[in-house]
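Computed from a predicted model, the values in this text were never measured in an experiment. So that the names make sense, note that chain A is the first sequence line, chain B the second, and so on, each numbered from 1.
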Number of protein chains: 4
Amino acid sequence: MFRIGMLTSGGDCQALNAAMRGVVKGLCSKRNDVEIYGFQDGYKGLIYSNFEMLTAKDFSGILTMGGTILGTSRQPFKLMRVPGPDGIDKVEAMKHTYHKLNLNCLVVLGGNGTHKTANLLREEGLNVITLPKTIDNDLWGTDMTFGFQSAVDIATEAIDRIHTTATSHSRVFIVEVMGHKVGWVTLHAGIAGGADIILLPEIPYDVDNVVRAIKSRTEAGKHFTIIAVAEGAITKEDAALPKKKLKEKQEKKGYPSVAYELAEKIQNRMDQEVRITVPGHTQRGGSPCPYDRVLATRLGAAAADLILKEDYGYMVGIKNGNIRKVPLGEVAGKLKMVDPKADIIKEAKIVGISFGDE
Amino acid sequence: MFRIGMLTSGGDCQALNAAMRGVVKGLCSKRNDVEIYGFQDGYKGLIYSNFEMLTAKDFSGILTMGGTILGTSRQPFKLMRVPGPDGIDKVEAMKHTYHKLNLNCLVVLGGNGTHKTANLLREEGLNVITLPKTIDNDLWGTDMTFGFQSAVDIATEAIDRIHTTATSHSRVFIVEVMGHKVGWVTLHAGIAGGADIILLPEIPYDVDNVVRAIKSRTEAGKHFTIIAVAEGAITKEDAALPKKKLKEKQEKKGYPSVAYELAEKIQNRMDQEVRITVPGHTQRGGSPCPYDRVLATRLGAAAADLILKEDYGYMVGIKNGNIRKVPLGEVAGKLKMVDPKADIIKEAKIVGISFGDE
Amino acid sequence: MFRIGMLTSGGDCQALNAAMRGVVKGLCSKRNDVEIYGFQDGYKGLIYSNFEMLTAKDFSGILTMGGTILGTSRQPFKLMRVPGPDGIDKVEAMKHTYHKLNLNCLVVLGGNGTHKTANLLREEGLNVITLPKTIDNDLWGTDMTFGFQSAVDIATEAIDRIHTTATSHSRVFIVEVMGHKVGWVTLHAGIAGGADIILLPEIPYDVDNVVRAIKSRTEAGKHFTIIAVAEGAITKEDAALPKKKLKEKQEKKGYPSVAYELAEKIQNRMDQEVRITVPGHTQRGGSPCPYDRVLATRLGAAAADLILKEDYGYMVGIKNGNIRKVPLGEVAGKLKMVDPKADIIKEAKIVGISFGDE
Amino acid sequence: MFRIGMLTSGGDCQALNAAMRGVVKGLCSKRNDVEIYGFQDGYKGLIYSNFEMLTAKDFSGILTMGGTILGTSRQPFKLMRVPGPDGIDKVEAMKHTYHKLNLNCLVVLGGNGTHKTANLLREEGLNVITLPKTIDNDLWGTDMTFGFQSAVDIATEAIDRIHTTATSHSRVFIVEVMGHKVGWVTLHAGIAGGADIILLPEIPYDVDNVVRAIKSRTEAGKHFTIIAVAEGAITKEDAALPKKKLKEKQEKKGYPSVAYELAEKIQNRMDQEVRITVPGHTQRGGSPCPYDRVLATRLGAAAADLILKEDYGYMVGIKNGNIRKVPLGEVAGKLKMVDPKADIIKEAKIVGISFGDE
């Protein structure tokens, strides 16, 4: 018997099911003694030994389904070593489940936090293979994560729809885009949606520059402006604060989210109606786009290939169009951010997009 | 010469361009002496005599375009008789523009407020034909307004996407749907999206009933609940307040919108993670759905027919599948609301949807 | 025990699952002794007693799923009384299965052919309730069938996409739209997609008129023409033939479908590049549109209501926005066609659409 | 004055307008003396000096529009040196127009044939910059062409819709995907749509292998099979023929397209209903997907950058995520095909997809 544990952890995103289907199809087309243990709700299922025995059939027909058939939950890495209210040592519990079930390998699909824990389990001696799942595209070691392009599509669609409203009225529209601490989704959706101003965590902005950009559009006869702002965008002023001070400041202000603060600041500086749109969790939902399905299928197939070779301890990523394995120890704890000097930023500026930095 | 003035007023919505295309195509295929005066930004253009001379060509290829090529603005009816800061008597100014241009007819596309002013202009002796435009579907005298089905499609898509996220995590999700003071969009999108609880202005709800419905789902083994709440939804308690008191109360509370208040109330009553999604203005944007394009084209064509017959003073609506003319005097000032006793509500309850009223 | 048999028959379409979900949710929310027997692949499952016992859970989460979880097949009515190669009397076999399982009622979802058989079973003494399923919208007794609006959406999308290509090149494009012997989908998708010429079975056309319409567009400076042709469209000449002669003629010609014949005829008459697009079965596939989901849910709920009242022998339809029951004997064997004199045709002509009839 | 000629040539595709917008925005944000000469219908406009003077405003708001605002036509390279029926030497005529208008540079958007002519014009001394436009993704020198991902999205959507029909009935479905002589779109859409069999020009197939794959699915309890076949797919037998013989053979057979031939062959070998879907030109139409909009905008911006530096003679492509210039002499006349040994083929086989080659 070849026993594979599988779990999806962290925020859900598109193509999780597609990726798991890829792994299982890959395993079952080569061996007929595969047993799949699907842990429920991420690491929680591994800790508390909640699982279902699944067969290839359970992974059939799920290529286009959003969400994850295993369920997911957030289990912060920093609490992994801390016993919960039930007194359970989570790491030991996970190891115990793994060994009790006599697993050959644990397949983990997740983002940044997930990878820290996956690497910890690897260090504890478990055989682990991971797949890079997140709409944020902030995982180190891979050019692309699945979920990202689907989120870009949805955020772009929101900007498109706002565009028709914006051109009919004379207004400033702010669309707040997901992406956690990085600006990948905002950058791509902003360019794709024809946003006039794009604000990213990686390029701290100055509200005065934003106002200047709006005014210069008005002077050019354009009566509306669309701003794509990343949920993690930050002003130059705030970026200069020590982390702790910044957190205190943000909590004191109590805006529902960054777009509301930005809207208020713009309205304080100019006589202009400002409207806010926050697509929110819709950006992680729905059927994965074809790009993500191909990516997830390829990564899943490559993961199956590694597992069949019993070559463990890697995240399966993509680099320059080719799938490659990246040692988990190299991935964990790193963040892949937008480089403010990247060509795509330069090109965006060439077509007149302002990043609020000058 | 046959001179037609045209304007779009109020919030923008889908199929405004489709409807205007219908009118203009209808007119120009029958007469070759038609002149179109497109007033900019709604009644404002009529007041200040801002217009463009347009030809049939300007209305070609706009069937699928969102927004309005004429621009729009909100000009509250109650301020129509009140001179603006520039001292201008708006009604007189509109009449002046109309007569100065020697218009045969004014075509007005708009919602409730717009129709009050349109009827006023009719009473003042102008030839007026109107088309029922609003995502809210709250216009009296027509079964359906264009924009409505497109808004339902977008709100449903938002609920669909939330569904995949909701099934992956164990949460309560609130999706706030547009619709002003009525619940049409929420009702239809809620049913179409498979919402478990639907809260409408027309059926005041009790938070305890909402909480009960969530708990009964949990007991039935369903770990998530989706609530579609209309932006105008109201609790039984608030519905009992005098209007003035209610307004004071709402201003004091200061939630960004109704979903935030509902979320807080649920969280105060049960230990359950609640997430909010507000698709907002995206619901009025983008390309009209095929249903709305057919409706708008039909209404536009029928308007052209009336204009060619010089039969003025009507809104062109649809009743039981057939286009019909409704005297403007009958339309203005009335609101078409969801009937709490309608079959569709009964049917929704049959499939287990809670309206929070029992 | 309350035993319900259920089957879907004929070509598949969108919202079959949504409708069944409505029925089952409606039944199970009122009674807790319901047993669902899902027959596989339509009447075939009833004939050969192939079924699965299903629970409410099997119908959960299928609201947005295309296709049918029961499978379907075409079982021509005219062969129902004819024993198959296995010598089985199909009607007796169906009755036998029904009585053997001690069913209280059989719920049948299908189109025209399906309804003939359903009515036959009713005449044979079975309790039958049906739901009107077909993209063709050709069922007598209901204003609307589910599947129709979804098919319109897909066909319209095809025309939209052809539009951008057509405007870039100078060509005639023919889009062939499904609809069997009637023109409902073509008519609505044609108007919604901005087709210049619409050819329907109900309005026989003359190719010379089609060519004339193309030329008059060219003269007006429009370099492309889009024709939406129903798969069942027919020329005046062919419409005048006796049915048998017509069939012989069509078989002799051997075009893959009607669009190919039309293209050839146009090219024979003018020097114009003609391109063909046949979206085909895609028009019956994919997730149902929100309109169809609401319709199917309402019809399903109303069916459940009738079943709970043990009021059998009806198709559940919709008339002027309200659900109503229609005796099966009135429905079977009739076709609902587009009325060439309907307002929608008149309005389409007002905006300049040619039907090739004049 | 800085005079830029611009034209789009060959089959239209998505994001042509987005790319031109990128170029023009890039030029006009840096210089205020730019004049744009838009040639109509590709090289034809350059030959016959048909052009419009365009301004930055003409390229505003076209980011999301399908097609090309300049129009396009196919002007085969092999006929460039051959005088037309009007006796005109096309190459000289193009040079004449270029010099007469005193152009600084000619910007050409097109695919393979277009690039041969563009390179010819470069050799004749014109300043040329090109952008890689084609849904086929077969241009040498760039990882990706714009139009490709949009076409993949549409073809995938078609397969998705067929999927729901296929699972409801028991059938073989063939979806014929565009791509000219290469298999890029089919490969990606096939994987994304979950096709069971993918047939590409680059991997000649054997019908017996295809039939074997279908049967092995049936044996595994799967009652339907979806085949994605490239319009240029070829059997091993035909691939072995000399080109001339092959052409003769294909003309003799006279199938409307490759899917029809494949269907017949399968039906000759097994008792199985086979249905065909040919999305056709819809694959080049409609609004570009966000991926293509970002790519086209980036390429357009980089083209503007080169033009401003007066660094001519290149196609602007993308390699490993970065924009780069490729000498036109290297690009012209080469075809980028799918490598049968590429990782993506291997991965597709791992998940069980058959390419009919073994």
Side-chain angles (χ1 to χ4, degrees), chain A residues 8 10-14 16-17 40-42 44 64-74 150-151 154-155 157-171 173-176 223-224 254-257 259-260 263 273 275-288, chain B residues 8 10-14 16-17 40-42 44 64-74 150-151 154-155 157-171 173-176 223-224 254-257 259-260 263 273 275-288:
Chain A
T8 55
D12 77 307
C13 79
Q14 301 92 345
L16 277 166
N17 288 326
Q40 284 158 10
D41 297 339
K44 209 198 265 186
T64 66
M65 274 177 59
T68 157
I69 58 169
L70 298 183
T72 182
S73 68
R74 294 186 195 267
S150 299
I154 296 170
E157 188 184 56
I159 302 178
D160 283 354
R161 286 181 179 147
I162 291 304
H163 238 116
T164 62
T165 284
T167 56
S168 306
H169 299 273
S170 293
R171 285 175 183 163
F173 265 99
I174 302 176
V175 182
E176 184 180 306
H223 296 296
F224 70 94
Y255 294 98
S257 69
Y260 290 86
E273 205 177 339
R275 294 291 169 95
I276 292 164
T277 298
V278 185
H281 278 75
T282 59
Q283 293 165 83
R284 2 175 46 91
S287 182
Chain B
T8 55
D12 75 308
C13 80
Q14 302 90 347
L16 277 166
N17 288 326
Q40 283 158 11
D41 298 339
K44 210 198 265 184
T64 66
M65 274 177 58
T68 157
I69 58 169
L70 298 183
T72 183
S73 68
R74 294 187 196 268
S150 300
I154 296 171
E157 187 185 58
I159 302 177
D160 283 353
R161 286 181 179 146
I162 291 304
H163 239 117
T164 63
T165 284
T167 56
S168 305
H169 299 274
S170 294
R171 285 174 185 164
F173 265 99
I174 302 176
V175 182
E176 184 180 306
H223 295 296
F224 70 94
Y255 294 98
S257 69
Y260 290 86
E273 205 179 339
R275 295 291 170 94
I276 292 163
T277 297
V278 185
H281 278 75
T282 60
Q283 292 164 85
R284 357 175 49 90
S287 182

Q: Against chain B, work out which of A:D41, A:I154, A:I162 has the most heavy-atom pairs shorter than 4.5 Å and name it.
A: A:I154
Q. What part of A:E157 lies closer than 4.5 angstrom to a heavy atom of chain B: side chain, backbone, both or neither?
A. side chain
Q: Measure A:P279 against the heavy atoms of chain B and call it side chain, backbone, both or neither at under 4.5 Å.
A: backbone
Q: Tell me, please, which residues at least two apart from B:H281 pass side-chain hydrogen bond (donor to acceptor under 3.5 Å, both in side chains).
A: A:R275
Q) Most heavy-atom pairs under 4.5 angstrom with chain A, which of B:T72, B:T8, B:I276? A) B:T72
Q) Based on non-hydrogen pairs under 4.5 Å, which of A:G280, A:A158, A:G11, A:G66 is most in contact with chain B? A) A:G66
**Q.** Which portion of B:T165 sits near chain A, non-hydrogen atoms under 4.5 angstrom
**A.** both
(Q) So, taking the atom named CZ in A:R161 and the one named CD in B:Q283, what distance separates them when rounded to the nearest 0.5 Å? (A) 9.5 Å
